[in-house]
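First up is the structure itself, then whatever we jot down about it.
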Number of protein chains: 2
Amino acid sequence: MSEITIKDVARICGVGVSTVSRALNNHPDINPETRDKILSVIKENNYIPNNSARNLKRQDAKAIAVLVKGIDNSFFNEMIKDMEAECKKKKYSLVLHHVGFMEDQVDAALELVKEKRLRGIVFLGGYFENNEKKLEQLHVPFVLSTAGAVPTSYSRNLYSSVCVDDEKESYKMTDYLIRQGHHNIAIIYEKGMTESISMLRLRGYQRALSDHGIPVREELMLATRPDIKDFSLENGYAVTKDFLQKKIECTAIYAISDIMAIGAGKALAEEGLRVPEDMSLAGFDGVNIGGYVNPSLTTIKQPGEKIAQETMKLLFDMILKKAECQHKIFDGELVVRGSTRCI
Amino acid sequence: MSEITIKDVARICGVGVSTVSRALNNHPDINPETRDKILSVIKENNYIPNNSARNLKRQDAKAIAVLVKGIDNSFFNEMIKDMEAECKKKKYSLVLHHVGFMEDQVDAALELVKEKRLRGIVFLGGYFENNEKKLEQLHVPFVLSTAGAVPTSYSRNLYSSVCVDDEKESYKMTDYLIRQGHHNIAIIYEKGMTESISMLRLRGYQRALSDHGIPVREELMLATRPDIKDFSLENGYAVTKDFLQKKIECTAIYAISDIMAIGAGKALAEEGLRVPEDMSLAGFDGVNIGGYVNPSLTTIKQPGEKIAQETMKLLFDMILKKAECQHKIFDGELVVRGSTRCI
DNA sequence: TTGTAAGCGTTATCAA
DNA sequence: TTGATAACGCTTACAA
């Protein structure tokens with residue numbers, strides 16, 4: 001009943017353990033006949049090598065990890081499959097690991113690198129403030145992907161990064177709404193660290209208003225509720241519901257994520273407000289679902305596929321060619337759909 | 001530069017490695033002063049224990065794993081956080097592992113059990129046909145959660161399970177639509193193994209029609225496209241688009257997942273058909289987003305939270321109390337919302 | 001309360 | 001082409 005090990009396989013085959021190991025790892029220096037025999041014994045006896053033992057001993061695990069902040073971020077999920085594809089091309093295995101909202105991504109990375117002997121890391125999303133020292137301990141190349149939240153004080157040679165310019169893209173959306181005649185634009189954002197993605201997008205909104213000579217009004221800046229999951233449908237809904245009670249003059253609501261915008265849409269519907277006739281509604285990210293709701297959602301589409309591919313390119317350049325750290329910024333695309341209108 | 005190990009920590013502290021290990025694992029038989037000193041040295045030197053080595057040696061890793069089929073299933077993602085909560089109560093750690101569409105869940109489980117010395121497994125979703133022998137090799141208790149697709153030939157003492165009766169619930173939805181006056185009801189389903197969840201739901205649909213004396217018509221049974229991701233927005237959309245071209249008489253479309261129903265909704269909108277005035281639309285699962293689209297989606301709500309909790313209860317009963325295998329079936333709830341109407 | 005030493009199941013080294 | 005054997009970094013008897 002106790003699990004079978006490489007020693008048992010060796011004994012059954014009448015060979016040494018190293019020969020079994022060679023068969024297992026496709027080493028060239030083994031007689032094809034012996035290898036086939038060993039492989040068939042392995043199959044018959046359902047032997048499965050212990051990965052902990054392998055990782056412990058092995059020096060060259062051709063593997064990288066993608067550490068994703070949060071578990072149900074549609075935008076990230078759409079990117080992951082692109083990363084897996086790129087990784088496969090390089091014959092590396094990709095360890096996917098989700099880190100909870102309260103966990104520290106860098107701690108998780110540090111642990112994982114030791115455990116699996118990883119050669120590189122991708123951080124998908126997340127915050128990196130007050131973490132420079134820990135990041136320095138990460139002795140493998142890493143790329144911050146779609147994680148705008150890196151303090152400018154960090155050395156640019158510490159890491160690579162790929163993202164959109166969140167402030168600029170948010171400016172683009174706000175500017176568009178203003179040009180459509182909207183002056184009272186509410187924004188749904190998440191209060192956070194200065195360099196968090198949400199705060200960058202808030203700054204873009206504020207700057208666009210200022211550039212158009214429109215005062216930035218406190219009562220139109222709707223912070224999400226800390227007691228509800230961040231960036232969720234529920235949060236967008238709750239915030240908007242509260243806002244609408246106050247009857248503040250407003251012709252457009254811009255949520256800094258599509259999912260929250262969809263949540264806001266429900267609150268609008270419940271209050272009898274039609275989109276876009278009574279209220280324009282806009283999001284950010286460009287997740288698939290935004291194109292499927294009714295009316296479909298005007299948004300800033302991040303080029304997820306490009307970002308994913310470039311992320312892997314930078315990572316493998318650093319791993320394989322010892323390339324320097326690089327910082328790529330992609331443009332987002334303003335996608336105008338049915339949820340906004342000119343007034 | 002090379003990574004620091006427990007030996008280094010021991011050397012720096014001037015103690016033996018076992019003492020460091022004791023400090024690390026909160027063993028009671030250690031002098032609090034030595035422990036504090038060791039802990040501070042660990043912190044200063046950023047020592048992180050190697051999990052592979054720990055797993056290899058440790059016999060009693062209080063850990064279970066949840067193996068999830070697919071990465072962006074909203075319904076599963078909503079359940080996972082409930083499972084994590086239950087697990088925390090038992091002071092077990094929960095290893096979350098996603099298995100791709102082409103991978104075999106049981107193989108992944110077998111590997112993971114060895115690697116992490118797991119005490120139990122939850123399979124969330126997936127198919128288990130032609131896998132009985134492999135499942136038998138899994139020498140830890142496991143629960144199939146929301147995985148209706150178990151051949152009836154399998155021994156009931158092999159595993160526990162928690163789910164809804166997919167055929168019955170699907171019957172419930174179809175019966176409801178019929179009672180609303182719909183006779184030409186199209187169903188969007190996925191062709192698959194006889195016992196797959198999708199086929200069970202299809203059978204419920206067929207049985208309801210028959211029971212009402214309505215013929216089951218081939219041209220109203222819309223199989224998803226194999227070239228598009230299964231259960232996706234895109235698939236629901238594509239299938240519906242094709243269907244509408246054919247101008248087949250029909251007053252209701254029932255998709256066996258909410259996400260596909262939402263996809264179908266877009267195709268309807270594009271063809272100028274209003275929901276529910278021109279076409280009723282229904283889904284299955286009861287994911288959050290269904291309550292946020294416009295009109296909100298009529299669906300069968302699976303009690304995800306209850307299922308998650310019961311799954312963990314059964315698993316821990318088996319692990320801790322050596323309880324027998326059990327098979328629980330929960331009722332789904334017909335949630336009537338704005339997307340369907342009486343004709 | 002602490003230290004020594006024996007594994008855990010592999011892979012890597014080296015000699016045969 | 002093979003087989004002993006020494007690591008890998010940790011936990012845990014057992015001895016002190």
Side-chain angles (χ1 to χ4, degrees), chain A residues 2-39 41-42 45-63 93 110-118 139, chain B residues 2-39 41-42 45-63 93 110-118 139:
Chain A
S2 93
E3 307 288 343
I4 182 174
T5 74
I6 197 172
K7 279 186 192 165
D8 302 311
V9 176
R11 195 172 26 72
I12 296 170
C13 295
V15 300
V17 287
S18 37
T19 308
V20 178
S21 176
R22 278 185 270 260
L24 227 40
N25 297 286
N26 268 316
H27 278 239
D29 53 349
I30 183 176
N31 185 323
E33 281 176 35
T34 12
R35 191 193 53 216
D36 291 347
K37 199 207 156 178
I38 292 170
L39 256 25
V41 167
I42 284 176
N45 296 77
N46 306 305
Y47 164 68
I48 296 170
N50 181 313
N51 280 325
S52 284
R54 300 183 104 170
N55 290 331
L56 187 58
K57 184 64 197 177
R58 181 186 275 159
Q59 304 297 330
D60 67 328
K62 289 178 40 167
S93 61
L110 254 12
E111 234 182 82
L112 220 47
V113 165
K114 282 212 172 186
E115 177 177 339
K116 309 257 190 195
R117 312 254 189 224
L118 302 174
H139 294 145
Chain B
S2 91
E3 307 287 343
I4 183 174
T5 75
I6 197 173
K7 277 186 193 164
D8 302 313
V9 175
R11 197 171 25 73
I12 296 170
C13 294
V15 300
V17 287
S18 44
T19 309
V20 178
S21 176
R22 278 184 270 261
L24 228 38
N25 296 288
N26 269 315
H27 278 242
D29 54 347
I30 183 176
N31 185 322
E33 281 175 34
T34 3
R35 192 194 53 217
D36 293 347
K37 197 206 158 180
I38 292 170
L39 257 27
V41 167
I42 285 176
N45 295 78
N46 306 305
Y47 165 67
I48 297 169
N50 181 313
N51 280 326
S52 285
R54 299 183 104 170
N55 290 331
L56 189 57
K57 183 65 196 175
R58 185 185 272 157
Q59 302 299 330
D60 66 327
K62 290 177 39 167
S93 61
L110 252 13
E111 228 181 90
L112 219 48
V113 165
K114 281 212 173 186
E115 176 177 340
K116 309 256 189 196
R117 313 255 188 222
L118 302 173
H139 294 144

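Chain naming here is simple, since letters A, B, ... match the order of the sequence lines and numbering starts at 1 in each. In what follows, every heavy atom counts, from backbone to side chain, and hydrogens, waters and symmetry copies are set aside.
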Rounded to the nearest Å, what distance is computed from the CZ atom of residue B:R54 to the C1' atom of nucleotide C:dG9?
-> 18 Å
Check each of B:I6, B:V9, B:I4 against B:I42 using the side-chain contact (heavy atoms from CB on, under 4.5 Å) test, and report the only one that passes.
-> B:V9
Where the side chain of B:N25 is defined as all heavy atoms beyond and including C-beta, which of C:dT10, D:dT11, C:dG3 is the nearest nucleotide?
-> D:dT11
Mapping B:R35 and B:R58 to their closest nucleotides on DNA chain C, which lands nearer the 5' end?
-> B:R35
Listed nucleotide nearest any side-chain atom of B:H27, set D:dT12, C:dA12, C:dG9 | D:dT12
Nearest-nucleotide pick for B:K57, side chain only, options being C:dG9, C:dC8, C:dT2 = C:dC8
What is the distance, rounded to the nearest whole Å, between atom NZ of A:K7 and atom P of D:dG3?
-> 16 Å
Respond yes when some side-chain nitrogen or oxygen of B:T34 is under 4.0 Å from OP1 or OP2 of C:dT2, and no when none is.
-> yes
Gap between atoms CG and P, on B:D8 and D:dG9 respectively (whole Å) = 9 Å
Taking B:N31 for the side chain and B:E33 for the main chain, is one N or O donor matched with an acceptor at less than 3.5 Å?
-> yes
Give one of base, sugar-phosphate or nothing for B:N31, where a contact means two heavy atoms less than 4.0 Å apart.
-> sugar-phosphate
Separation of C:dC8 P from A:I4 CD1 (nearest whole Å) = 15 Å
Output, in order, the C-alpha distance, side-chain angles, deciding distance and verdict of salt bridge (Lys or Arg N to Asp or Glu O under 4.0 Å) for A:K116 and B:E115.
-> CA-CA 11 Å; A:K116 309 257 190 195; B:E115 176 177 340; 2.9 Å; yes
When you get a sec, tell me which of C:dT4, C:dG9, D:dG3 is the closest nucleotide to the side chain of B:L56?
-> C:dG9
Of the nucleotides D:dA4, C:dT10, D:dT2, which one has an atom closest to the side chain of A:I6?
-> C:dT10
Between P of D:dC10 and NZ of A:K114, the distance in whole Å | 6 Å
With no hydrogens and no angle check, is any side-chain donor or acceptor of B:K114 less than 3.5 Å from a backbone partner on A:I48?
-> yes
Picking from C:dT11, C:dT1, C:dG3, the nucleotide nearest the side-chain atoms of A:V17 would be C:dT11
Listed nucleotide nearest any side-chain atom of A:S18, set D:dC10, D:dA4, C:dG3 = D:dA4
Between D:dT2, C:dT2, C:dT10, which nucleotide gets closest to the side-chain atoms of A:T5?
-> C:dT10
Given C:dC8, is OP1 or OP2 found less than 4.0 Å from the side-chain N or O atoms of A:N50?
-> no
Among the candidates D:dG3, D:dT11, D:dG9, find the nucleotide nearest to the side-chain atoms of B:L24.
-> D:dT11
Counting distance only, does the side-chain N/O of B:N25 pair as donor-acceptor with the main-chain N or O of B:S21 below 3.5 Å?
-> yes
Find the distance A:I38:CD1 to D:dT2:C1' and express it as a whole number of Å.
-> 10 Å
Between A:R22 (CZ) and D:dT2 (P), how many Å, whole number?
-> 8 Å
Main-chain N/O of B:N55 paired with B:R117 side-chain donor or acceptor, under 3.5 Å | yes
Taking N and O atoms by type only, does the side chain of A:S21 place a donor or acceptor under 3.5 Å from a partner on the base of C:dA12?
-> no
To the nearest angstrom, how far is A:I48 atom CD1 from C:dT10 atom P?
-> 11 Å
Across the strands shown, which category fits B:R117 at heavy-atom distances under 4.0 angstrom: base, sugar-phosphate, nothing?
-> sugar-phosphate
